[in-house]
Peer 1: 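Once you've had a glance at the structure underneath, I'll fire off some questions.
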Amino acid sequence: MANYEAVYPAGVPVPYKTILEANGHLIENPPEEHDALIATLSIHPFIMRPVTSPHQLRLYKGNWINQFFLRGALAMQQHFKSRPTDIFLASYPKSGTTWLKAMIFATMTRTSYPLDQHPLCTHNPHQCISSMEKEFSIGNSQIIEAIPSPRVMNTHLQYSVLPESITNPDCRIIYVWRDPKDVLVSEWYFVKKIYMDVDEKATFDQFYELFCQGVGPFGSIWNHVLGYWKESKLRPEKILFLKYKHILQEPVKYAKKLAHFVGCPYSKAEENQGVIEQIVELCSFKKLKELDVNKGGESVTNDVHISYADFFRKGEVGDWKNHMTTEMAERLDAITKEKFKGSGIEI
Ligand code: A3P
């Protein structure tokens with residue numbers, strides 16, 4: 001394993017980009033062990049993907065899932081070994097993952113750098129914290145192994161698909177969710193940007209219909225939220241369940257909560273010096289969006305180019321009002337209400 005301590009302080013997360021570079025970068029060697037099983041699963045004619053795409057949706061354990069990520073999920077189920085200090089950031093895509101990555105990375109590394117020279121000033125949050133199923137899907141599981149403890153990793157998988165090694169009682173999970181109406185709009189813009197060239201006929205209305213049916217790269221948003229919610233009720237000390245809107249409304253309160261949960265609570269001296277506010281500021285939408293790395297950089301996986309700028313669109317609650325009719329919004333709300341009925345989730 002590379003000696004990151006020469007450059008990075010020990011005992012706090014190292015930017016994932018550094019680990020990739022120190023280990024010879026991406027060794028794309030996709031695991032084929034589950035491909036035969038995947039080929040037997042029902043396929044969905046998802047409008048944003050061509051029929052030959054490696055990103056087709058398959059039906060697995062009651063949810064649709066992009067087969068590229070399913071391959072990673074199955075490899076994770078078989079090979080991933082958690083450590084008691086691991087922290088997993090989980091979310092349905094477009095629910096605030098980038099923000100959560102920034103907040104946790106900044107929180108855990110806050111005493112290691114002057115904040116104006118923090119790695120987040122030169123790294124996109126996705127370069128600081130890895131996306132597990134992506135790495136497993138392209139055969140990079142050894143890179144996940146190479147991350148020094150404490151590891152912080154991210155997943156978009158449904159709770160029911162996580163490997164037992166993650167759902168075991170030792171591991172901590174932080175889950176963020178968001179109003180499905182805003183997730184839908186955010187996802188629409190994101191997918192359109194990435195797959196624009198694939199199918200220009202795709203319309204927002206079609207996308208909306210699929211979303212209502214639970215058709216998407218990580219399945220039904222309602223199943224996703226419920227899976228983590230139920231588990232957080234059983235093990236609140238291990239699963240922190242948060243809502244995007246609440247963090248946006250009271251960032252300082254949630255910054256404190258996050259710090260406490262990951263075992264680095266703010267000291268009184270830090271509180272008095274305004275460190276919490278500085279962390280919140282460093283991770284704010286406005287600050288991150290304006291950084292050069294987030295204006296110009298991009299990630300490339302499996303020929304899919306994602307520019308970092310596309311992770312910072314509006315960063316608001318309620319943008320759905322600019323995209324949906326009242327009927328569309330009411331229908332989505334009714335689905336949410338019905339799905340969450342009796343669960344205790346505050347909508
Ligand atoms: P919008 O498209 O509604 O603007 P994810 O990170 O899970 O992909 O979610 C992306 C959404 O989070 C986008 O929402 C994006 O603008 C918003 N976002 C990204 N960084 C943020 C930040 N620091 N604070 C608040 N929202 C942020």
Side-chain angles (χ1 to χ4, degrees), residues 16 66 69 88-107 115 118-121 123-134 152-158 174-195 204 207-208 211 216-219 221 224-225 228 242-255 258 277-291 293-295 297-299 301 304 306-324 329 332:
Y16 189 57
N66 176 324
F69 295 118
F88 300 94
L89 310 182
S91 56
Y92 193 84
K94 313 325 290 173
S95 300
T97 320
T98 312
W99 193 11
L100 188 59
K101 283 188 178 188
M103 285 293 286
I104 292 299
F105 189 77
T107 301
L115 290 186
H118 191 274
L120 274 173
C121 300
H123 294 61
N124 174 268
H126 296 280
Q127 294 177 304
C128 295
I129 293 177
S130 68
S131 297
M132 295 188 72
E133 50 273 11
K134 183 186 101 177
V152 184
M153 295 156 282
N154 145 251
T155 181
H156 286 316
L157 295 176
Q158 298 261 348
I174 304 173
Y175 186 76
V176 63
W177 78 288
R178 188 181 189 191
D179 181 339
K181 302 193 292 305
D182 280 336
V183 171
L184 164 60
V185 170
S186 184
E187 197 174 347
W188 163 247
Y189 277 99
F190 193 72
V191 168
K192 217 159 53 119
K193 272 261 167 80
I194 299 171
Y195 297 104
F204 182 73
F207 197 71
Y208 170 92
F211 190 88
F218 289 93
I221 187 170
H224 206 282
V225 176
Y228 285 90
L242 304 172
K243 193 168 185 188
Y244 178 90
K245 179 175 89 174
H246 295 154
I247 312 176
L248 204 61
Q249 285 167 342
E250 294 183 282
V252 170
K253 172 177 157 187
Y254 283 92
L258 287 171
E277 286 79 3
Q278 289 164 24
I279 295 289
V280 166
E281 161 67 16
L282 174 65
C283 301
S284 68
F285 179 82
K286 198 164 161 254
K287 164 87 184 176
L288 294 180
K289 190 180 169 69
E290 289 308 315
L291 293 172
V293 62
N294 296 327
K295 282 183 179 167
E298 68 165 17
S299 77
T301 308
V304 176
I306 303 179
S307 59
Y308 292 140
D310 292 337
F311 287 103
F312 305 95
R313 195 181 63 88
K314 281 201 161 176
E316 292 170 2
V317 170
D319 190 38
W320 60 266
K321 291 186 188 116
N322 301 315
H323 298 83
M324 283 179 213
L332 253 182

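Atoms within each ligand, like the ligands themselves, are counted from 1 in listed order. The first residue in the sequence is number 1, and the count goes up from there.
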Peer 1: Would you say ligand 1 has an N or O under 3.5 Å from any N or O of Lys314?
Peer 2: yes
Peer 1: Are any of the N/O atoms in Gly96 less than 3.5 Å from those in ligand 1?
Peer 2: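 Gly96 vs ligand 1: N/O contact under 3.5 Å present.
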Peer 1: Just let me know how Ala102 lines up against ligand 1, side chain, backbone, both or neither, with a heavy-atom cut-off below 4.0 Å.
Peer 2: neither
Peer 1: Looking only at protein heavy atoms, which one is nearest to atom 16 (O) of ligand 1, and what is the separation?
Peer 2: Arg313 N, 3.0 Å
Peer 1: Strictly under 6.0 Å, is that where the ring centroids of Phe190 and Phe311 end up?
Peer 2: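 Yes.
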Peer 1: Quick test of your reading of the model: are Asp182 and Lys245 salt-bridged, counting only N-O distances below 4.0 Å?
Peer 2: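 So Asp182 does not pair with Lys245 through a salt bridge.
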Peer 1: Taking everything shown except Lys287 itself, do over 12 heavy atoms lie less than 6.0 Å from its NZ?
Peer 2: no
Peer 1: Is there a nitrogen or oxygen of Asp182 sitting under 3.5 Å from a nitrogen or oxygen of ligand 1?
Peer 2: no
Peer 1: Considering heavy atoms of the protein only, find what lies nearest to atom 9 (O) of ligand 1 and give residue, atom and distance to 0.1 Å.
Peer 2: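 Looking only at protein heavy atoms, the one closest to atom 9 (O) of ligand 1 is Lys94 CA, 3.2 Å.
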Peer 1: Roughly how far, to the nearest 0.5 Å, is CG of Asn154 from SG of Cys128?
Peer 2: 12.5 Å
Peer 1: For ligand 1, indicate whether the residue Cys283 contacts it via side chain, backbone, both or neither (heavy-atom separation under 4.0 Å).
Peer 2: backbone
Peer 1: Go through it in stages, so that I can follow the logic: the residues are Thr155 and Glu133, the test is side chain to side chain contact (heavy atoms under 4.5 Å, CB included), and I'd like the CA-CA distance, side-chain angles, deciding distance and then a yes or no.
Peer 2: CA-CA 7 Å; Thr155 181; Glu133 50 273 11; 2.8 Å; yes
Peer 1: Please verify whether a non-hydrogen atom of Ser284 lies at under 4.0 Å from ligand 1.
Peer 2: yes
Peer 1: With heavy-atom distances below 4.0 Å as the criterion, list the atoms of ligand 1 near Tyr244.
Peer 2: 17 (C), 25 (C), 26 (N), 27 (C)
Peer 1: Go through Tyr16 and Val152 one step at a time and tell me if the side chain to side chain contact (heavy atoms under 4.5 Å, CB included) criterion holds.
Peer 2: CA-CA 9 Å; Tyr16 189 57; Val152 184; over 6 Å; no
Peer 1: Starting from atom 7 (O) of ligand 1, what is the nearest protein heavy atom, named by residue and atom, and what distance separates them?
Peer 2: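 Result: Thr97 OG1, 2.6 Å.
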Peer 1: Distance check, rounded to the nearest 0.5 Å: Arg178 atom CZ versus Glu187 atom CD?
Peer 2: 11.0 Å
Peer 1: Nearest non-hydrogen atom to atom 18 (N) of ligand 1 belongs to which of Tyr189, Phe311, Trp320?
Peer 2: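 The nearest heavy atom belongs to Phe311.
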Peer 1: Return the residue, atom name and 0.1 Å-rounded distance of the protein heavy atom closest to atom 14 (O) of ligand 1.
Peer 2: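 It is Arg178 NH1, 3.2 Å.
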Peer 1: Give the residue and atom name of whichever protein heavy atom lies nearest to atom 24 (N) of ligand 1, and the separation in Å to one decimal.
Peer 2: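 Nearest protein contact, heavy atoms only, for atom 24 (N) of ligand 1 is Trp99 CD2, 3.2 Å.
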Peer 1: Are the ring centres of Phe69 and Phe218 closer than 6.0 Å?
Peer 2: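 Distance test on ring centres: under 6.0 Å, yes.
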Peer 1: What protein heavy atom lies closest to atom 6 (O) of ligand 1? Include the residue and the distance to one decimal.
Peer 2: Thr98 OG1, 2.5 Å
Peer 1: Identify the residue among Phe207, Tyr189, Trp188 that makes a ring-ring contact (aromatic ring centres under 6.0 Å, His included) with His323.
Peer 2: Tyr189
Peer 1: Given Trp99, which partner from the list Tyr254, Phe312, Tyr244 fulfils the ring-ring contact (aromatic ring centres under 6.0 Å, His included) test?
Peer 2: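 That would be Tyr244; it is the only one of Tyr254, Phe312, Tyr244 passing the ring-ring contact (aromatic ring centres under 6.0 Å, His included) with Trp99.
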Peer 1: So which atom in Thr97 and which in Ser91 form the shortest heavy-atom distance, rounded to 0.1 Å?
Peer 2: OG1-OG, 2.8 Å
Peer 1: Looking at ligand 1, does Phe312 have a heavy atom less than 4.0 Å from it?
Peer 2: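 Phe312: in contact with ligand 1 (<4.0 Å).
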Peer 1: Applying a 4.0 Å heavy-atom criterion (strictly less than), which segment of Ser95 is in contact with ligand 1: side chain, backbone, both, or neither?
Peer 2: backbone
Peer 1: Could you list which atoms of ligand 1 come closer than 4.0 Å to a heavy atom of Gly315?
Peer 2: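 Listed by number with element, the hits are 1 (P), 4 (O), 16 (O), 26 (N).
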Peer 1: In the protein, which heavy atom is nearest to atom 13 (C) of ligand 1, and how far is it?
Peer 2: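 Answer for atom 13 (C) of ligand 1: Ser186 OG, 3.6 Å.
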